[in-house]
Trainee: 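Just dropping this structure here.
Excluded from the calculations below are hydrogen atoms, water molecules and symmetry mates; all remaining heavy atoms, backbone and side chain alike, are included. For the single chain, residues carry numbers from 1 onward in sequence order. We count ligands from 1, going down the list as the structure has it; atoms in each ligand are counted the same way.
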Amino acid sequence: MTELKFDRDAVQAFRFVRREFDAASGVARLVYAFDDGPELVETVTIPGAPFALEGARAAAVEQALTLLHLIAGVSYYKAAVPDSIRIDYTTLDAATAALLDEVYRHGLGEFAYRNGLDLSGRIRFPHGDAPVTDAPVLGLRHHALTAIGGGKDSLVSIEALRGAGVNQTVTWIGGSQLIRDCAERTGLSTLNIQRQLAPELFEYNRLGAWNGHIPVTAINSAIMVLAALLVDADQVVFSNERSASYGSLIEGTGEVNHQWSKGWAFERDFGGYVERRIAADLHYYSLLRPMSELAVARQFARNTHYDAYFSSCNRNFHIRGERPVNRWCGVCPKCHFVFLALAPFMPKPRLVGIFGRNLLDEQSQVAGFDALLEFHDHKPFECVGEGRESRAAMAALATRPEWREDVIVRRFAREVAPQLDDAALSIDALMVLDDEHRIPADLWEKLRAHFGA
Ligand SMILES: CC(=O)N[C@H]1[C@@H](OP(=O)(O)OP(=O)(O)OC[C@H]2O[C@@H](n3ccc(=O)[nH]c3=O)[C@H](O)[C@@H]2O)O[C@H](CO)[C@@H](O)[C@@H]1O[C@H](C)C(=O)N[C@@H](C)C(=O)N[C@@H](CCC(=O)O)C(=O)O
Ligand SMILES: Nc1ncnc2c1ncn2[C@@H]1O[C@H](COP(=O)(O)OP(=O)(O)OP(=O)(O)O)[C@@H](O)[C@H]1O
């Protein structure tokens, strides 16, 4: 076997070499390379094969496969960030290139900031000027593929869809046992899609590749769109809340959003693209877009069914490496935020029971909570709510006898709250539902009261 070499500074071009889908096995192969280096092959396996594909459905699958190939390339492109991008097998149109420029530019925002790279004007997908045709209506079955991530958000969506009478298949990507347990706990039909990154990527990381966060929700979204066409479903449902559209405000840099591909701009542009260019009746939307994180937390707290199953702690989801012992590490920003967001809406013993400890009564956690409050620090690069949500939740706890003596709450009341405007600390203001979303009108009609009350 030849030894793998990688010099990120010597790379000139990132190549999208080819993409293949084998309908007999359900395996998609996404092939990339740097210059004339070895092929990097990522595989995605959709259960349910063999798939019978012909006519307009086969054409839509090919379009979706290409979109997935182009978006999933971000994991590899980031390793060298070369000036040139080449698509070996097709010429993109301007709209497709513009979507990809946006996904790479913003989706790699945190990566660029942390590595001190300036990506503005650097990412340009090549394109021609051929005219494009609108996607046909495929007559897809009225059915939702609902993405499940093991945390509270997707469980809120799943229960809301169930309540509204929408048929759904709970769907996840990857081999997480925790997500499988949550999915099975729903009692609904499930679909587990496997994904293997090209193993050379980990080797390249070891050899000094650029590394950092990638827009994983964009990749998962493109996988789910391909899966919807294959299993015949007309909706792909995510659970990204309004708060995901707001990033961390960094002094001297501006806004950097860790969760950009969970935000509204991505949902709007990706969802619109799917309907215009892949299948006119395939609808991609986030059911929680009108809601703040606190509104989602309130909704989750109304149901105890998942208490012993769910976890929002991302340390459960590493491809390799250790996982927390009891599903919650208790010290990361997501653990901090979810504990704080649920606290106003749950009896204290229930919440402490879920986490196995009271994070708000641990002196060593002060700095972690300060970052959430945007007090002496910026919002962490994690999927956590806005600073104003954390401040409102903490202010509510400061009025509750069962919480106000805990060290972090006491410190907030003493040192942070006096510097804040009381009017900006209202939880009620954060419960108002927003009108910016892509939820089908008839469904939203049924859910508005359910979410708003
Ligand atoms: C589990 C986790 O949080 N991972 C982030 C972590 O990566 P780490 O190196 O500690 O472990 P791995 O996840 O095992 O990744 C190994 C390497 O592979 C790269 N990689 C992974 C997946 C992929 O699709 N493409 C890749 O290139 C990865 O970059 C590593 O080099 O730190 C990384 C750097 O900051 C993060 O990129 C890892 O985040 C994962 C991609 C991930 O799946 N994270 C989700 C739990 C997550 O952050 N979800 C957000 C949504 C954010 C979004 O932009 O959509 C959420 O919780 O809402
Ligand atoms: N492995 C996965 N497969 C499919 N979808 C996923 C996966 N991981 C996350 N998602 C989806 O991505 C979106 C963002 O994930 P996120 O982690 O915020 O949600 P969650 O796990 O449902 O809740 P929480 O915010 O409490 O962690 C959600 O719609 C979630 O269902």
Trainee: Measure Val216 to ligand 1 on non-hydrogen atoms and call it side chain, backbone, both or neither using the 4.0 Å cut-off.
Mentor: both
Trainee: Any N or O on Glu110 sitting closer than 3.5 Å to an N or O of ligand 1?
Mentor: no
Trainee: Does Lys78 have a non-hydrogen atom less than 4.0 Å from ligand 1?
Mentor: yes
Trainee: Would you indicate which of Leu201, Thr217, Asn314 comes nearest to atom 53 (C) of ligand 1 when only heavy atoms are counted?
Mentor: Thr217
Trainee: If you take the centroid of each ring, where Trp contributes its six-membered ring, are Tyr246 and Trp264 closer together than 6.0 Å?
Mentor: no
Trainee: Pick, from Tyr204, Tyr76, Phe317, Phe111, the option with the minimum heavy-atom distance to atom 1 (C) of ligand 1.
Mentor: Phe317
Trainee: Within ligand 1, which atoms have a heavy atom of Pro215 less than 4.0 Å away?
Mentor: 54 (O)
Trainee: Please identify which atoms of ligand 1 are closer than 4.0 Å to at least one heavy atom of Lys334.
Mentor: 57 (O)
Trainee: Only heavy atoms of Lys262, strictly under 4.0 Å: list the atoms of ligand 1 that pass.
Mentor: 51 (C), 58 (O)
Trainee: Is Arg315 close enough to touch ligand 1? Criterion: a residue heavy atom under 4.0 Å from a ligand atom.
Mentor: no
Trainee: Less than 6.0 Å separating the ring centroids of Phe14 and Phe16?
Mentor: yes
Trainee: Just to be sure I understand the cut-off, which residues have at least one non-hydrogen atom under 4.0 angstrom from an atom of ligand 2?
Mentor: Ala147, Ile148, Gly149, Gly150, Gly151, Lys152, Asp153, Ser154, Thr171, Trp172, Ile173, Ile179, Asn220, Phe238, Ser239, Asn240, Lys262, Ser312, Lys334
Trainee: Check Lys334, Lys262, Arg298, Lys152 against Glu293 for a salt bridge (charged side-chain N to carboxylate O under 4.0 Å, His left out) and give me the one that passes.
Mentor: Lys152
Trainee: Evaluating non-hydrogen atoms only, which member of Val74, Leu197, Asn316, Asp153 is closest to atom 22 (C) of ligand 1?
Mentor: Leu197
Trainee: When the ring planes of Phe266 and Trp260 are compared, do they come out parallel, tilted or perpendicular, using 30° and 60° as the limits?
Mentor: perpendicular
Trainee: Name the option, out of Cys383, Gly174, Gly151, that contains the heavy atom nearest to atom 50 (C) of ligand 1.
Mentor: Cys383
Trainee: Look at atom 38 (C) of ligand 1 and find which of Arg195, His213, Arg114 reaches it with the closest heavy atom.
Mentor: His213
Trainee: Which of the numbered atoms in ligand 1 are under 4.0 angstrom from any heavy atom belonging to Asn205?
Mentor: 31 (O)
Trainee: May I ask you to check if ligand 1 and His318 share an N or O to N or O distance below 3.5 Å?
Mentor: yes
Trainee: What pairs of donor and acceptor atoms, side-chain ones from residues 76-86 against any protein atom, are under 3.5 angstrom apart with sequence neighbours left out?
Mentor:
unit_1: Tyr76; atom_1: OH; unit_2: Glu42; atom_2: OE1; d: 2.6
unit_1: Tyr76; atom_1: OH; unit_2: Ala198; atom_2: N; d: 3.0
unit_1: Lys78; atom_1: NZ; unit_2: Ser75; atom_2: O; d: 2.9

Trainee: Show which side-chain atoms of residues 156-164 pair as donor or acceptor with protein atoms under 3.5 Å away, not counting sequence neighbours.
Mentor:
unit_1: Ser157; atom_1: OG; unit_2: Ser239; atom_2: OG; d: 2.8
unit_1: Glu159; atom_1: OE1; unit_2: Arg162; atom_2: NE; d: 3.0
unit_1: Glu159; atom_1: OE2; unit_2: Arg162; atom_2: NH2; d: 2.9
unit_1: Glu159; atom_1: OE2; unit_2: Tyr306; atom_2: OH; d: 2.5
unit_1: Arg162; atom_1: NH1; unit_2: Thr186; atom_2: O; d: 3.3
unit_1: Arg162; atom_1: NH2; unit_2: Thr186; atom_2: O; d: 2.9

Trainee: Yes or no: does Phe202 have any heavy atom under 4.0 Å from an atom of ligand 1?
Mentor: yes
Trainee: Mark up the atoms of ligand 1 that fall under 4.0 Å of a heavy atom belonging to Ser261, in ascending order.
Mentor: 53 (C), 54 (O), 55 (O)
Trainee: Donor-acceptor pairs under 3.5 Å, side chain of residues 107-116 to any protein atom, not counting sequence neighbours: which ones?
Mentor:
unit_1: Glu110; atom_1: OE1; unit_2: His258; atom_2: ND1; d: 2.5
unit_1: Glu110; atom_1: OE2; unit_2: Arg114; atom_2: NE; d: 2.9
unit_1: Glu110; atom_1: OE2; unit_2: Arg114; atom_2: NH2; d: 3.3
unit_1: Asn115; atom_1: ND2; unit_2: Phe111; atom_2: O; d: 2.9
unit_1: Asn115; atom_1: ND2; unit_2: Asn211; atom_2: O; d: 3.0

Trainee: Which option out of Ser239, Ser312, Gly212, Cys332 puts a heavy atom nearest to atom 34 (C) of ligand 1?
Mentor: Gly212
Trainee: Less than 3.5 Å apart, any donor N or O on the side chain of Gln177 or Asp181 sitting next to an acceptor on the other?
Mentor: yes
